[in-house]
Novice: 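Below: one structure in structure tokens.
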Amino acid sequence: EIVLTQSPVTLSFPPGERATLSCRASQSVDRYLAWYQHKPGQSPRLLIYDVSNRATGIPARFTGSGSGTDFTLTISSLEPEDSAVYYCHHRNGWPETFGPGTTVEIK
Amino acid sequence: QLQLQESGPGLVKPSETLSLTCTVSGDSIGRSGYYWGWIRQPPGRGLEWIGSIAYSGNTYYNPSLMSRVTISRDMSQNQFSLKLTSVTAADTAIYYCGREQALTMMGDYWGRGTLVTVSS
């Protein structure tokens with residue numbers, strides 16, 4: 001099983017700041033790495049697929065990068081509505097796994 | 001537009017079987033190149049992948065749940081289902097059904113979820 005580790009656990013910034021979230025895999029996930037935004041009472045929302053592609057309707061301030069085992073989600077200028085938990089998710093074979101999540105707080 | 005709706009009992013007794021159905025509209029669960037699956041989120045915890053059923057009918061399960069989980073489908077109703085046997089309080093969670101696309105994660109999408117509580 002591929003284990004995904006995310007850091008930091010929590011991130012707190014004022015609006016307009018840049019946020020960098022990290023996801024590390026215990027072995028290569030090739031390009032099958034996605035980032036989800038999850039707010040209470042809502043479905044997980046696909047932000048980034050295949051490492052670096054923005055999903056439909058996702059603002060340009062969200063950028064995914066990385067390769068192999070190390071991946072990054074960057075939010076270039078935080079907005080109040082970006083407050084959520086962010087998960088990385090791999091689908092490079094079974095079982096699929098999610099990272100433990102990074103909580104982003106906008107203060 | 002793809003819509004996924006989870007349905008089933010919101011309360012299940014310990015040792016009994018949790019049964020949920022996902023009704024799909026806006027796509028066909030038999031469409032080549034897609035998988036249909038379940039994830040869950042226990043209270044205060046992160047997301048956990050449960051398993052999926054492919055367009056071919058093949059199933060894939062989380063090894064930690066494999067002995068208790070079955071995912072099946074009803075093509076005539078465009079529905080797929082989750083059964084989890086011998087539940088305990090640890091199975092209390094929001095359960096989400098969703099679609100995953102083969103060879104790319106572009107088409108991945110999850111429903112709004114349904115809370116299932118395991119309690120006597």
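Letters A, B, ... mirror the listed sequences (proteins, then strands); counts begin at 1. Reckoned from all heavy atoms, side chains included, excluding hydrogens, waters and symmetry mates. A quick note: this is a predicted structure, and the numbers were derived from the prediction, not measured.
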Novice: For A:Ile48, is it the side chain, the backbone, both or neither that has a heavy atom under 4.5 Å from a heavy atom of chain B?
Specialist: neither
Novice: Check each atom of A:Ala34 against the heavy atoms of chain B and say whether the ones under 4.5 Å are side chain, backbone, both or neither.
Specialist: both
Novice: Under 4.5 Å from any heavy atom of chain B, what part of A:Tyr32 do you find: side chain, backbone, both or neither?
Specialist: both
Novice: Given a strict heavy-atom distance threshold of 4.5 Å, which part of B:Gln41 is in contact with chain A: side chain, backbone, both, or neither?
Specialist: side chain
Novice: When only pairs under 4.5 Å are counted, which of A:Arg45, A:Arg31, A:His38 shares the most heavy-atom pairs with chain B?
Specialist: A:His38
Novice: For each of B:Ile39, B:Leu103, B:Leu115, tally heavy-atom pairs with chain A at distances under 4.5 Å, and name the one with the top tally.
Specialist: B:Leu103
Novice: Just checking B:Lys13: does its NZ atom have more than 12 heavy atoms from other residues, nucleotides or ligands closer to it than 6.0 angstrom?
Specialist: no
Novice: Counting heavy-atom pairs under 4.5 Å to chain A, which of B:Gly98, B:Pro63, B:Gly113 comes out on top?
Specialist: B:Pro63
Novice: Ring centres under 6.0 Å, that's the criterion: do B:Phe80 and B:Trp38 meet it?
Specialist: yes
Novice: Tell me, with the steps shown, if B:Ile50 and B:Asn62 meet side-chain contact (heavy atoms from CB on, under 4.5 Å).
Specialist: CA-CA 5 Å; B:Ile50 298 171; B:Asn62 189 322; 5.6 Å; no
Novice: Assess whether a salt bridge exists between A:Arg61 and A:Glu81, defined as any Lys/Arg side-chain N lying under 4.0 Å from an Asp/Glu carboxylate O.
Specialist: yes
Novice: Of the options B:Gln1, B:Arg99, B:Gln3, which is the one that meets B:Asp27 in a side chain to side chain donor-acceptor pair (under 3.5 Å)?
Specialist: B:Arg99
Novice: Picking from A:Trp94, A:Tyr87, A:Phe98, A:Tyr36, which has the most non-hydrogen pairs under 4.5 angstrom with chain B?
Specialist: A:Trp94
Novice: Nearest 0.5 Å please: distance from the CZ atom of A:Phe71 over to the CZ atom of A:Arg24.
Specialist: 11.0 Å
Novice: Do the side-chain N and O atoms of B:Ser19 and B:Lys83 include a donor-acceptor pair separated by under 3.5 angstrom?
Specialist: yes
Novice: Please flag which part of A:His89 lies under 4.5 Å from any non-hydrogen atom of chain B: side chain, backbone, both or neither.
Specialist: both
Novice: Who wins among A:Pro100, A:Gly101, A:Pro44 for the most heavy-atom pairs under 4.5 Å with chain B?
Specialist: A:Pro44
Novice: Under a 4.5 Å heavy-atom cut-off, does chain B meet the side chain of A:Asp50, its backbone, both or neither?
Specialist: both
Novice: Can you tell which part of B:Ser52 gets under 4.5 Å to a heavy atom of chain A, answering side chain, backbone, both or neither?
Specialist: side chain
Novice: Indicate whether any N or O donor in one side chain lies under 3.5 Å from an N or O acceptor in the other, for A:Ser28 and A:Asp30.
Specialist: no
